[in-house]
Colleague: 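The structure is given below, and queries will be raised subsequently.
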Amino acid sequence: MNLVLIFIFPLVLSATEKDESAYDSLSTESKSRFAMLDDVRILANGLLQLGHGLKDFVHKTKGQINEIFQKLNFFDKSVIDLSEQTNEIREKEEELKETTSRLQVNNEELKNISRKIHSQVENLLQDKIQLQAKVGSLEEKLFQITQGTTEGQESKEISSLKNFVEQQDLNIRRILKVVQEQHMQLDHQNIQIKDLEDKLSPSDFQESAKSVLAIRRSRTGSLYLSNSTDGMLEQNDSRDCNDIYNRGERSSGIYTIRPNGSMAFDVYCEITEDNANTVIQRRIDGSVDFNQTWETYLNGFGELTGEFWLGLEKIHAISQQADYMLHIELQDWKENWQFAEYMFILGNQDTSYALQLSQVSGNIPSGLPEQKELPFSTNDRNSGDLKCPAERFSGGWWNTACSGTNLNGKYMKQKPRTKLDRRRGQGIYWKSEKGRLYSLKSTKIMLYRMDLDSFE
């Protein structure tokens with residue numbers, strides 16, 4: 001630009017000087033002289049316009065060069081960011097490899113523990129068979145005792161052996177539960193290992209790098225490309241929520257099941273990291289009236305996402321296809337949670353769905369009699385010998401006392417304040433045989449399968 005001005009300036013100055021001399025000697029110059037001065041002026045104006053055009057061009061070129069430098073700087077920064085994210089992905093890949101190695105070691109340890117427990121269970125089962133044979137012989141001796149052919153010392157031996165057999169049965173149940181938990185942990189570990197192996201696959205690593213690059217390109221004005229895949233979950237008939245879990249579902253919610261020999265129906269599955277529970281009853285806020293008839297309790301009522309009773313027919317259909325644990329969760333008005341777990345047998349409609357229980361674990365005393373048939377009753381059908389006043393009975397339950405445990409009673413918005421409210425059956429309660437009456441804010445009853453198919 002400076003060179004152009006240096007070139008133009010002498011021409012303009014020369015033209016100006018000529019103009020001034022022309023005007024000074026105008027009276028003495030000829031017409032041809034004026035013609036030459038006009039040509040010089042035209043030339044000077046043209047050169048000035050050319051200079052202005054060149055100046056504008058230089059300014060525009062400078063602006064474009066600055067924009068190019070800015071884009072180059074932004075591109076350099078994007079490349080640096082991409083490099084950093086690539087390094088982070090590689091570090092995470094190394095961490096995932098280490099985690100996978102640890103999980104594989106833990107998996108081997110769990111398999112060894114499971115083999116040992118399996119061996120112990122087999123030994124215990126053999127002991128149980130031997131004990132059952134001894135019990136048979138002892139029963140014969142007991143019969144002889146009743147006939148007066150044996151002495152009192154043998155009866156003491158029989159009672160001690162019976163106690164020993166009962167203790168062994170209890171130990172076997174506990175070990176079977178531990179075995180189930182170990183198998184559930186093994187399944188969970190295997191799922192984690194598969195997930196980690198999928199994450200460590202080269203295709204996933206390349207896909208992550210492509211995604212980062214696509215984001216960078218979108219910021220610099222290039223095309224943004226993304227790939228998505230749609231998968232469909234294979235729907236199979238599931239017997240219960242445990243099958244839903246084994247199918248790969250990991251979110252609690254409503255699912256359709258079809259127990260053996262039953263029509264399909266919806267249930268609410270509460271799914272944890274280790275297993276899935278089939279919820280058969282929930283009380284939380286009193287939004288559903290549980291003081292229903294026998295027919296309603298037979299078919300079920302309420303909303304599966306809120307308060308509900310699944311239905312005696314459905315509960316019976318689930319419980320008849322495998323061995324299940326009955327899990328009861330209780331919340332008091334101080335937000336404390338307790339639970340009780342039972343092994344159980346549920347009869348059919350001919351027995352009024354009589355329930356037999358044997359408590360296995362829990363942090364609260366049992367609120368239901370054990371080793372005793374408990375028929376189900378409602379306000380319009382009393383299936384047992386219990387005669388309770390109408391104002392002291394609400395909802396359907398396996399009642400054993402007029403003021404005993406009832407998790408389907410009338411819901412109270414607050415803890416009952418007076419003894420009169422408790423006597424009238426106002427609220428939902430849990431009461432052990434020799435304990436006090438627990439007033440409850442919410443309850444939940446669930447079933448989960450004792451999946452011991454691998455030991456058959």
Side-chain angles (χ1 to χ4, degrees), residues 177 180-189 191-192 233 235-259 262 264-288 290 297 300-332 335-344 346 355 357 359-364 367-368 397 407-408 411 428 430 440-452:
K177 185 178 179 182
Q180 182 200 15
E181 292 175 353
Q182 292 290 340
H183 274 280
M184 292 168 64
Q185 290 180 5
L186 283 172
D187 292 338
H188 182 60
Q189 293 283 353
I191 292 171
Q192 285 185 330
L233 180 66
Q235 298 293 332
N236 296 322
D237 287 343
S238 301
R239 297 172 295 173
D240 56 14
C241 291
N242 188 265
D243 283 352
I244 299 292
Y245 178 88
N246 292 335
R247 196 176 72 191
E249 298 291 346
R250 293 297 181 269
S251 299
S252 299
I254 299 175
Y255 296 92
T256 301
I257 65 171
R258 188 190 301 274
S262 170
F265 54 86
D266 290 341
V267 295
Y268 188 91
C269 296
E270 185 170 286
I271 299 177
T272 64
E273 291 184 358
D274 301 324
N275 64 357
N277 300 321
T278 305
V279 183
I280 64 173
Q281 184 257 32
R282 185 191 289 123
R283 308 290 303 276
I284 49 177
D285 55 12
S287 58
V288 175
F290 272 65
Y297 267 97
F301 56 88
E303 296 293 335
L304 291 176
T305 55
E307 290 196 334
F308 71 93
W309 172 260
L310 185 60
L312 291 169
E313 286 186 349
K314 298 173 184 176
I315 299 171
H316 179 262
I318 296 172
S319 66
Q320 297 306 300
Q321 59 189 352
D323 293 329
Y324 286 85
M325 191 74 72
L326 182 70
H327 181 90
I328 301 176
E329 293 184 0
L330 312 169
Q331 183 189 31
D332 62 21
E335 309 297 332
N336 297 317
W337 284 93
Q338 289 86 24
F339 79 96
E341 286 190 344
Y342 299 89
M343 297 183 70
F344 73 99
L346 183 65
L355 182 67
L357 297 169
Q359 187 171 12
V360 176
S361 62
N363 58 4
I364 189 172
L368 295 166
W397 190 249
L407 303 186
N408 288 340
Y411 189 89
I428 51 180
W430 182 266
L440 303 173
K441 181 181 179 181
S442 66
T443 67
K444 184 164 51 180
I445 307 176
M446 301 179 288
L447 302 179
Y448 68 87
R449 192 166 77 210
M450 302 291 292
D451 195 358
L452 299 177

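The basis for the numbers below is simple: all heavy atoms, side chains too, and nothing from hydrogens, waters or symmetry mates. Keep in mind that this is a model prediction, so the values were computed, not measured. We're numbering straight along the sequence, starting at 1.
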Colleague: Any heavy-atom pair between the side chains of Lys441 and Tyr411 that's under 4.5 Å?
Modeller: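 The answer is yes; the side chains approach within 4.5 Å.
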Colleague: Any chance you could lay out the side chain to side chain contact (heavy atoms under 4.5 Å, CB included) test for Tyr342 and Leu355, step after step, and finish with the verdict?
Modeller: CA-CA 11 Å; Tyr342 299 89; Leu355 182 67; over 6 Å; no
Colleague: Is the shortest heavy-atom distance from the side chain of Ile254 to the side chain of Thr305 under 4.5 Å?
Modeller: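 Yes - at least one pair of side-chain heavy atoms lies under 4.5 Å apart.
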Colleague: List in chain and number order the residues that pass side-chain hydrogen bond (donor to acceptor under 3.5 Å, both in side chains) with Glu307, two or more places apart in sequence or in another chain; answer none if no residue qualifies.
Modeller: none
Colleague: Could you measure the distance from the CD1 atom of Ile364 to the CG atom of Asp332? Nearest 0.5 Å is fine.
Modeller: 8.5 Å
Colleague: Could you pull out the closest heavy-atom pair between Leu407 and Ile445, with the gap in Å?
Modeller: CD1-CD1, 4.1 Å
Colleague: Let me confirm one number: the SG-CG distance from Cys269 to Leu304, rounded to the nearest 0.5 Å.
Modeller: 9.5 Å
Colleague: Please check: side-chain N/O of Gln320 versus main-chain N/O of Leu346, any donor-acceptor pairing under 3.5 Å?
Modeller: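 Present.
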Colleague: Looking at Tyr324 and Ser319, what are the two nearest heavy atoms and their distance?
Modeller: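 Answer, listing the atom of Tyr324 first, then Ser319: CD1-CA, 3.9 Å.
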Colleague: What heavy-atom pair brings Pro259 and Ala317 nearest, and what distance separates the two atoms?
Modeller: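 The pair with the smallest heavy-atom distance is CB-O, 3.7 Å.
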Colleague: With rounding to the nearest 0.5 Å, note down the distance linking CD in Glu270 to CG in Asn275.
Modeller: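 The CD atom of Glu270 sits 9.5 Å away from the CG atom of Asn275.
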Colleague: Are Leu368 and Trp397 side-chain neighbours, meaning at least one heavy-atom pair lies under 4.5 Å?
Modeller: yes
Colleague: If you round to the nearest 0.5 Å, how far is CZ of Arg449 from CD1 of Ile318?
Modeller: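 With rounding to 0.5 Å, CD1 (Ile318) is 11.0 Å from CZ (Arg449).
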Colleague: Identify the residue among Gln281, Arg282, Arg283 that makes a side chain to side chain donor-acceptor pair (under 3.5 Å) with Thr443.
Modeller: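 The side chain to side chain donor-acceptor pair (under 3.5 Å) with Thr443 is passed solely by Gln281 among Gln281, Arg282, Arg283.
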Colleague: If you count heavy atoms of other groups shown closer than 6.0 angstrom to CD of Gln321, is the number above 12?
Modeller: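 Atom CD in Gln321 is crowded, with more than 12 foreign heavy atoms closer than 6.0 Å.
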Colleague: Could you check if a side-chain atom of Thr278 sits within less than 4.5 angstrom of a side-chain atom of Ile244, using non-hydrogen atoms only?
Modeller: no
Colleague: Can you measure from CZ (Arg239) to CG (Asp237) and round to the nearest 0.5 angstrom?
Modeller: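 Arg239 atom CZ to Asp237 atom CG measures 11.0 Å (nearest 0.5 Å).
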Colleague: Is there a donor-acceptor pair closer than 3.5 Å between any side-chain N or O of Asp240 and the backbone N or O of Asp243?
Modeller: yes
Colleague: Verify, without hydrogens or angle tests, whether Asn242 (side chain) and Ala276 (backbone) share a donor-acceptor contact under 3.5 angstrom.
Modeller: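 It does not hold such a pair.
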Colleague: What heavy-atom pair brings Met446 and Val279 nearest, and what distance separates the two atoms?
Modeller: CG-CG2, 3.8 Å
Colleague: Where do Trp309 and Tyr297 land on the ring-ring contact (aromatic ring centres under 6.0 Å, His included) test, with the steps shown first?
Modeller: CA-CA 7 Å; Trp309 172 260; Tyr297 267 97; 5.6 Å; yes
Colleague: If you measure only the distance, is there a donor-acceptor pair under 3.5 Å linking the side chains of Tyr448 and Glu341?
Modeller: yes
Colleague: Is the NZ or CZ atom of Arg258 positioned over Phe265's six-membered ring, under 6.0 angstrom from the centre and within 45° of the axis?
Modeller: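 So Arg258 doesn't make the cation-pi contact.
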Colleague: Which heavy atom in Asp266 sits nearest to a heavy atom in Leu310, and how many Å separate them?
Modeller: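 Result for this residue pair: O-CD1, 3.9 Å.
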Colleague: Which heavy-atom pair separates Tyr255 from Glu249 by the least distance, and what is that distance?
Modeller: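 Of all heavy-atom pairs spanning Tyr255 and Glu249, the closest is OH-OE1, 3.5 Å.
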Colleague: Please name all residues satisfying side-chain hydrogen bond (donor to acceptor under 3.5 Å, both in side chains) with Gln331, sequence neighbours left out, ordered by chain then number.
Modeller: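 Only Glu335, Ser442 meet the side-chain hydrogen bond (donor to acceptor under 3.5 Å, both in side chains) criterion with Gln331.
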Colleague: What residues form a side-chain hydrogen bond (donor to acceptor under 3.5 Å, both in side chains) with Ser287, not counting sequence neighbours?
Modeller: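 Counting only residues at least two positions away or on another chain, Ser287 forms a side-chain hydrogen bond (donor to acceptor under 3.5 Å, both in side chains) with Asp285.
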Colleague: Just by distance, do the side chain of Ser252 and the backbone of Ile271 share a donor-acceptor pair under 3.5 Å?
Modeller: yes
Colleague: Any non-hydrogen side-chain atom of Leu326 less than 4.5 Å from a side-chain atom of Leu447?
Modeller: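 They are in contact (side-chain heavy atoms under 4.5 Å apart), so the answer is yes.
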Colleague: With the side chain counted from C-beta on, respond yes when Met343 and Met450 share a heavy-atom pair under 4.5 Å apart, and no when they do not.
Modeller: no
